[in-house]
Amino acid sequence: MRHFLTLKDFTKEEILEIIELGLEIKKNLKAGVYKKELEMQTLGMIFEKSSTRTRVSFEAGIFQLGGHALFLSNRDIHLGRGEPVKDTARVISSMCDMVMIRTFGQERLEEFAKYSSVPVINGLSDSFHPVQLMADYLTMIEYNKDKNPIV
């Protein structure tokens, strides 16, 4: 199990592999090929900080890969208020296969990941936005704006 809290969690080679996989998935989707790599997988999405694009992209992505997303706003759960972060992490990770968190504090994200039994993805924190960086880099490659394309 690995978390994706910052780009530092992966080597350059691993990041390039993820980008290549993303390009392949997009190519397949455009061709009408839906591979269900995440069939019967559930993504818990915790939004302390709302976002249209993050929510839609994660929900659409997990659906296109055969899984299901659960939207959990700060009104739906008691993350850090009324319930310790570690308890929320233990409960949600016992029922979901992965968790994406969009929050204000990097410390809260790291604490959640520490107590989670499933991979945690940083959807945004006050310190890092790794998924956005990956999406931007993928777009640069698609539009030939990268000087050293991987494909």
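Because the structure is predicted, anything quoted here is derived from the model rather than measured.
Residues Leu43 and Leu70 do not share a hydrophobic cluster, defined by chaining ILVMFWY side chains whose heavy atoms lie under 4.5 Å apart. Hydrophobic clustering (side-chain heavy atoms under 4.5 Å, transitive across Ile, Leu, Val, Met, Phe, Trp, Tyr) keeps Leu109 apart from Tyr115. Taken together through direct or relayed side-chain contacts under 4.5 Å among Ile, Leu, Val, Met, Phe, Trp and Tyr, Leu21 and Leu38 form part of one hydrophobic cluster.
One distance of note links CD1 of Ile46 with CZ of Phe112; it measures 4.0 Å at 0.5 Å rounding. A distance of 10.5 Å separates SG of Cys96 from CE of Met45, quoted to the nearest 0.5 Å. Considering OG1 of Thr6 and CG of Asn122, their distance stands at 8.5 Å, rounded to 0.5 Å. Rounding to the nearest 0.5 Å gives a distance of 8.5 Å between OG of Ser125 and CD of Glu107. A distance of 9.5 Å separates CE in Met100 from CG in Leu72, rounded to the nearest 0.5 Å. Here the CD1 atom belonging to Ile141 is positioned 8.0 Å from the CD atom belonging to Glu20, to the nearest 0.5 angstrom.
A pairwise comparison of heavy atoms in Leu5 and Val120 identifies CD2-O, 3.8 Å as the closest pair. Between Thr88 and Glu83, the shortest heavy-atom contact is OG1-OE1, 2.5 Å. The heavy-atom pair separating Arg102 from Thr54 by the smallest distance is NH1-OG1, 3.3 Å. Closest approach of Arg2 and Pro119 over heavy atoms only: O-CB, 3.2 Å. Counting all heavy atoms, side chain and backbone alike, Ser117 lies closest to Ser94 at OG-N, 4.4 Å. Nearest approach of Val99 to Ile101, heavy atoms of both residues: CG1-CG1, 3.8 Å.
The side-chain hydrogen bond (donor to acceptor under 3.5 Å, both in side chains) pairs that include a residue from residues 23-39 are Lys26-Glu142, where partners are two or more places apart or lie in different chains. Here salt bridge (Lys or Arg N to Asp or Glu O under 4.0 Å) pairs that include residues 109-123, with residues two or more places apart or in two chains, number zero. Within the structure, salt bridge (Lys or Arg N to Asp or Glu O under 4.0 Å) pairs that include any residue of residues 117-129 do not occur (at least two apart or interchain).
Every side-chain hydrogen bond (donor to acceptor under 3.5 Å, both in side chains) that Glu59 has, sequence neighbours left out, goes to Arg55. Taking the side chain to side chain contact (heavy atoms under 4.5 Å, CB included) definition, one finds that Arg75 meets it with Ser73, sequence neighbours left out. Arg53 pairs by the salt bridge (Lys or Arg N to Asp or Glu O under 4.0 Å) definition with nothing, not counting sequence neighbours.
Remark: the backbone N or O of Ile121 is not paired with any side-chain donor or acceptor of His3 at under 3.5 angstrom.
Taking 4.5 Å as the limit, every side-chain heavy atom of Ile15 sits out of range of all side-chain heavy atoms of Tyr137. A heavy-atom distance below 4.5 Å is not found between the side chains of Gln41 and Leu65. The closest side-chain heavy-atom distance from Met98 to Ile62 is below 4.5 Å. A heavy-atom distance below 4.5 Å is not found between the side chains of Leu133 and Phe128.
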### Query
Run the side chain to side chain contact (heavy atoms under 4.5 Å, CB included) check on Gln132 and Leu124 step by step: do they pass?
CA-CA 8 Å; Gln132 182 66 56; Leu124 173 86; over 6 Å; no

### Query
Going through the distances and angles, do Asp9 and Glu14 end up as a side chain to side chain contact (heavy atoms under 4.5 Å, CB included)?
CA-CA 10 Å; Asp9 293 330; Glu14 290 171 323; over 6 Å; no

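Within a 6.0 Å radius of CZ in Phe71, other residues, nucleotides and ligands contribute more than 12 heavy atoms.
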